[in-house]
Amino acid sequence: MENQSTATASSDTKSASQLPQLHEPRNAGMELDMDWVAAAQANTSAIERRAKTLPGRRSVKKEYQAAWLLKAITMIDLTTLSGDDTWGRVRRLCAKAAHPVRQDILDALDMPPITTGAVCVYHDMVETAVKALDGTGIPVAAVSTGFPAGLSPLPLRLQEIRESVHAGAKEIDIVISRRHALTGNWQAIYDEMRAMRESCGDAHVKAILATGELGTLRNVAKASLVCMMAGADFIKTSTGKEPVNATLPVSLVMIRAIRAYHARTGFRVGYKPAGGISKAKDALTYLALIKDELGDRWLQPDLFRFGASSLLGDIERQLEHQVTGRYSADYRHAIG
């Protein structure tokens, strides 16, 4: 990863600095194939063994690490989803998304300006974020459909999507009904997902599986396939509100479902791990996993995102260490 991929990481980071530059045909979905869903398996022990090897098998150092961390920034959905969110906090977050790294650090690393992949907020803050990001090219993502539980009536969830799109959201992060997955009602998940995809219109839809509440890795595999069959543009691990959020075993199951779906349909579906990814070294591990399992094409912001609020701060600290040889205090990289 260090030698062959470094030039790719550096050049791709520069080309993706005003993103997204690359576009895929949207996943059109397909009829629900219950034979495929029923056949989906997950060998938990093998998956866990593979996941444990990842942090030690792939590492990058010095300028190579800086290049990959800069790339990671361009794939962050910078997020605030707190009950005490204010308009001022959202505007500050948008300013940070447009200028995520200090200019002196970028100059020292010979980098042009970069931005994060998106800003993710509650529906009520979409209009504020859209205005704050005007002219930056950064899309606003709205969490929707009764986030985080997804238990409001379906007509209300669909209306919430339409309202968020009307307010200017270009991406909608929806949550599936976990109770349907836990009871094996895959048709219900498919039908709801299709309706949500239709309500999104031209906005891209990220289907949140809430994997920490699905019970088994097999359910994660099945839910991933069903959401992609129903037309999801991305599949996403978590709301960030579950007891267990993004993990490497869950990620391995989901991205292999993405790989299988692409092999059968030709459509590339994006992946978004969210919740609990707060350290730069974790971001590097996830990028290595994506490169190993899906290839370089998925290492672009139109097919991969981190759902994170604190990850950017730690990446900034690592970049400053690369430039100055010293670690700075956490409070110097606040984003709120």
Side-chain angles (χ1 to χ4, degrees), residues 1-10 12-13 40-77 117 209 211-212 214 216-221 223-224 234-238 240 242-263 268-301 303-308 310-312 314-315 317-319 322:
M1 181 175 177
E2 182 166 322
N3 294 325
Q4 180 180 356
S5 304
T6 301
T8 301
S10 180
D12 284 353
T13 303
Q41 300 293 326
N43 185 330
T44 300
S45 59
I47 291 166
E48 290 177 346
R49 284 197 303 272
R50 165 82 167 107
K52 286 180 180 179
T53 68
L54 286 167
R57 291 179 62 244
R58 294 288 185 265
S59 64
V60 286
K61 305 296 183 184
K62 299 182 179 179
E63 66 269 23
Y64 306 108
Q65 183 182 92
W68 281 94
L69 290 177
L70 288 164
K71 171 172 277 295
I73 290 173
T74 70
M75 295 185 284
I76 292 176
D77 281 3
L209 306 188
T211 54
L214 292 187
T216 66
L217 291 178
R218 183 180 299 178
N219 278 344
V220 171
S224 298
F234 267 72
I235 52 175
K236 175 180 170 181
T237 60
S238 319
E242 294 89 51
V244 178
N245 296 292
T247 67
L248 290 174
V250 159
S251 295
L252 190 58
V253 171
M254 292 176 70
I255 64 179
R256 285 183 174 175
I258 288 172
R259 189 172 67 191
Y261 185 81
H262 175 248
R268 289 185 173 93
V269 173
Y271 178 61
K272 180 178 174 179
I277 304 173
S278 60
K279 299 298 182 182
K281 63 181 180 180
D282 296 330
L284 293 173
T285 299
Y286 275 92
L287 293 179
L289 176 63
I290 293 296
K291 181 175 177 61
D292 282 356
E293 295 286 336
L294 292 175
D296 288 345
R297 178 61 191 88
W298 264 267
L299 290 173
Q300 298 293 343
L303 287 175
F304 183 77
R305 300 282 181 82
F306 291 105
S310 57
L311 173 62
L312 178 56
D314 193 56
I315 290 179
R317 293 183 69 241
Q318 299 301 324
L319 292 175
Q322 170 64 27

Test side-chain contact (heavy atoms from CB on, under 4.5 Å) applied to Lys291 and Leu299, step by step: CA-CA 7 Å; Lys291 181 175 177 61; Leu299 290 173; 3.9 Å; yes
Steps toward side-chain contact (heavy atoms from CB on, under 4.5 Å) verdict (Met254, Leu209): CA-CA 10 Å; Met254 292 176 70; Leu209 306 188; 3.6 Å; yes
Trace of the side-chain contact (heavy atoms from CB on, under 4.5 Å) decision for Ile47 with Val250: CA-CA 9 Å; Ile47 291 166; Val250 159; over 6 Å; no
Worked verdict on Ile315 versus Leu70 for side-chain contact (heavy atoms from CB on, under 4.5 Å): CA-CA 8 Å; Ile315 290 179; Leu70 288 164; over 6 Å; no
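In terms of heavy atoms, Ser251 sits closest to Leu289 at CB-CD2, 3.9 Å. When every heavy atom of Phe234 is checked against every heavy atom of Pro301, the shortest pair comes out as CZ-O, 4.2 Å. Summarising the geometry of Asp77 relative to Gly117, their closest heavy-atom pair is OD1-C, 4.2 Å, with the distance given to 0.1 Å. The shortest heavy-atom contact between Ala246 and Ser238 is N-OG, 3.4 Å. Considering every non-hydrogen atom in both Phe304 and Pro273, the closest pair reads CE1-CD, 3.6 Å.
Asp314 contributes a side-chain N or O that, together with a main-chain N or O of Ala280, makes up a donor-acceptor pair within less than 3.5 Å. In this structure, the side chain of Thr237 engages the main chain of Ala274 through a donor-acceptor pair within 3.5 Å. Under a 3.5 Å cut-off, the side chain of Asn219 and the backbone N or O of Leu214 do form a donor-acceptor pair.
Counting only N and O atoms by type, the side chains of Ser45 and Asn43 include a donor and acceptor under 3.5 Å apart. Side-chain atoms of Tyr261 and Ser224 include no donor-acceptor pair closer than 3.5 Å.
Ion pairing between a basic and an acidic side chain is recognised when a charged N comes within 4.0 Å of a carboxylate O; Lys279 and Asp282 show no such pairing.
Rounding to the nearest 0.5 Å places CG of Leu312 at 12.5 Å from OG of Ser278. Atom CZ of Arg305 sits about 9.0 Å away from atom OG1 of Thr74, to the nearest 0.5 Å. Between the CG atom of Leu311 and the CD1 atom of Ile76 there is a distance of 4.0 Å, given to the nearest 0.5 Å. In this structure, Gln41 CD and Leu217 CG are separated by 11.5 Å, a value rounded to the nearest 0.5 Å. Taken from CD1 in Ile255 to CH2 in Trp298, the straight-line distance is 10.0 Å, to the nearest 0.5 Å. To the nearest 0.5 Å, atom CG of residue Leu287 and atom CG of residue Asp292 are 11.0 Å apart.
For the pair Leu303/Val269, no side-chain contact is recorded, criterion being any heavy-atom separation below 4.5 Å from C-beta on. At a threshold of 4.5 Å between non-hydrogen side-chain atoms, the residues Arg317 and Gln322 do not count as touching. Residues Lys272 and Ile235 have side chains not in contact (no heavy-atom distance under 4.5 Å, counting atoms from C-beta outward). A heavy-atom distance below 4.5 Å is not found between the side chains of Thr216 and Val220. Taking 4.5 Å as the limit, some side-chain heavy atom of Tyr286 sits within range of a side-chain heavy atom of Ile277. Looking at Arg268 and Arg259, their side chains never come closer than 4.5 Å, going by heavy atoms from C-beta outward.
Under the side chain to side chain donor-acceptor pair (under 3.5 Å) criterion, Glu242 pairs with Thr239, sequence neighbours left out.
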